[in-house]
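Working notes, beginning with the structure itself.
Quick note: residue numbers are just sequence positions, from 1.
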Amino acid sequence: MMLKSRIFRIVLIYSVCSLLGCGLSYGTPTDIACLKNIKASLKDPYGYLTSSWNFENTTEGFICKFIGIECWHPDENKVLNIRLADMGLKGHFPAGLRNCTSVTGIDLSNNQLYGPVPNDISKIITFVTTLDLSSNNFSGPIPVDLANCSYLNVLKLDHNRFSGNIPPQLGLLDRLKTFSVANNLLTGPVPNFNSNSSFGADSYANNPGLCGKPLEDCTSPSQGSHIL
């Protein structure tokens with residue numbers, strides 16, 4: 001049974017990687033560079049990354065033992081998920097993530113990250129299915145380019161300081177099952193998501209000027225005319 005399970009896992013990984021075009025190779029320089037860049041770009045006051053992310057080790061799969069890192073296979077330096085929640089990290093959105101080309105899940109929630117999310121976010125997290133930036137201090141507009149992250153199933157932007165409209169183009173994310181922008185500074189109409197996605201008022205709570213279903217109707221003609 002263990003042999004069959006291992007064979008199934010290998011076949012599954014190869015199938016998914018073939019779909020994503022990520023390839024399988026031992027010792028992936030881009031993924032190592034990705035994590036080096038993330039570590040260098042963030043302040044780590046509690047030493048979580050400092051104590052765990054040791055790049056002097058060069059054995060196969062060494063980055064898979066780093067705190068917050070999950071790999072496609074434990075003996076392969078190819079990052080599947082990055083989970084750095086609740087670490088007190090400070091800094092901007094780590095643009096070095098663009099080098100983790102096979103990552104599918106990113107959780108940076110409950111830290112002290114700030115500033116805007118990059119306008120070219122889809123080029124940084126091309127194949128990500130889960131993006132959790134909640135409970136930080138991100139600000140500025142929600143990038144329209146998030147609509148090009150077509151694999152997203154989960155998008156959590158709540159408890160930040162995002163302002164302006166929610167890009168109506170986000171309604172085109174037809175795989176989205178979880179969505180929250182609650183507790184921000186957002187205004188204007190909420191997007192019309194496809195019929196397979198239904199997000200309640202809790203997803204939009206505590207914003208100063210959001211309107212449209214499932215919230216109150218947009219009474220301003222200038223707002224109503226922009227609803228897709």
Side-chain angles (χ1 to χ4, degrees), residues 81-86 89 91-95 97-98 103-228:
N81 293 307
I82 298 176
R83 305 187 188 281
L84 304 180
D86 300 296
L89 301 173
H92 293 282
F93 183 93
L97 282 166
R98 70 174 69 246
V103 68
T104 64
I106 298 171
D107 184 354
L108 302 176
S109 62
N110 288 289
N111 284 294
Q112 299 181 49
L113 305 179
Y114 59 89
V117 173
N119 288 329
D120 62 344
I121 186 69
S122 71
K123 295 180 175 63
I124 299 174
I125 59 166
T126 304
F127 299 114
V128 164
T129 61
T130 298
L131 178 63
D132 189 348
L133 303 181
S134 62
S135 298
N136 280 285
N137 290 305
F138 287 113
S139 59
I142 296 174
V144 176
D145 191 49
L146 270 173
N148 293 319
C149 298
S150 57
Y151 294 97
L152 278 175
N153 294 318
V154 175
L155 178 58
K156 300 184 69 176
L157 305 175
D158 51 282
H159 293 84
N160 280 285
R161 297 184 61 80
F162 289 112
S163 58
N165 291 351
I166 304 172
Q169 293 88 343
L170 295 188
L172 302 175
L173 292 172
D174 55 7
R175 301 188 184 199
L176 209 55
K177 298 296 184 292
T178 300
F179 176 69
S180 179
V181 293
N183 295 283
N184 278 287
L185 304 171
L186 298 166
T187 59
V190 303
N192 278 344
F193 289 92
N194 69 64
S195 58
N196 295 324
S197 302
S198 179
F199 305 117
D202 288 349
S203 294
Y204 307 102
N206 297 320
N207 283 279
L210 289 181
C211 61
K213 188 177 179 181
L215 307 175
E216 294 183 4
D217 290 341
C218 296
T219 56
S220 168
S222 61
Q223 288 182 334
S225 62
H226 286 82
I227 300 177
L228 292 182

Closest heavy-atom pair, G200 versus P214, reported as atoms and distance to 0.1 Å, is C-CG, 3.6 Å
For the pair L155 and L176, evaluate side chain to side chain contact (heavy atoms under 4.5 Å, CB included) and give the outcome as yes or no after the intermediate values.
CA-CA 7 Å; L155 178 58; L176 209 55; 4.0 Å; yes
Interatomic distance, SG@C218 vs CG@L210, rounded to 0.5 Å, equals 8.5 Å
Problem set entry | K156 backbone acceptor or donor facing S134 side chain under 3.5 Å | no
Correct closest heavy-atom pair for R175 and S150 would be CD-O, 3.5 Å
So CG of N192 and CG of L170: to nearest 0.5 Å the spacing works out to 12.0 Å
Taking every heavy atom of D120 against every heavy atom of R98, the minimum-distance pair comes out as OD2-NH2, 3.3 Å
From the list N183, V181, N207, N184, side chain to side chain contact (heavy atoms under 4.5 Å, CB included) partner of F162 resolves to N184
Checking L131, D132, I124 against I106 for side chain to side chain contact (heavy atoms under 4.5 Å, CB included), the one that qualifies is L131
_Steps toward side-chain hydrogen bond (donor to acceptor under 3.5 Å, both in side chains) verdict (D145, N119)_ = CA-CA 6 Å; D145 191 49; N119 288 329; over 6 Å; no
Between N160 and L133 the two heavy atoms that sit nearest each other are ND2-O, 3.0 Å
OG1 (T130) and CG (N81) are apart, to the nearest 0.5 Å, by 7.5 Å
Q) Can you check whether L146's main-chain N or O pairs, donor with acceptor, with N148's side chain at less than 3.5 Å? A) no
Here the gap from F193 atom CZ to L173 atom CG, rounded to the nearest 0.5 Å, amounts to 7.0 Å
Rounded to the nearest 0.5 Å, the NZ atom of K123 sits from the SG atom of C149 at a distance of 10.0 Å
What one should report as the nearest heavy-atom pair of I121 and P143 is CG2-CB, 4.3 Å
Distance col, row N165:CG vs T187:OG1, nearest 0.5 angstrom, shows 5.0 Å
Smallest heavy-atom separation, V117 atom then F138 atom, equals CG2-CD2, 4.2 Å
Q) Has the side chain of N153 got a donor or acceptor atom that lies under 3.5 Å from a matching backbone atom of K177? A) no
Of V128, L97, T104, the one forming a side chain to side chain contact (heavy atoms under 4.5 Å, CB included) with I82 is L97
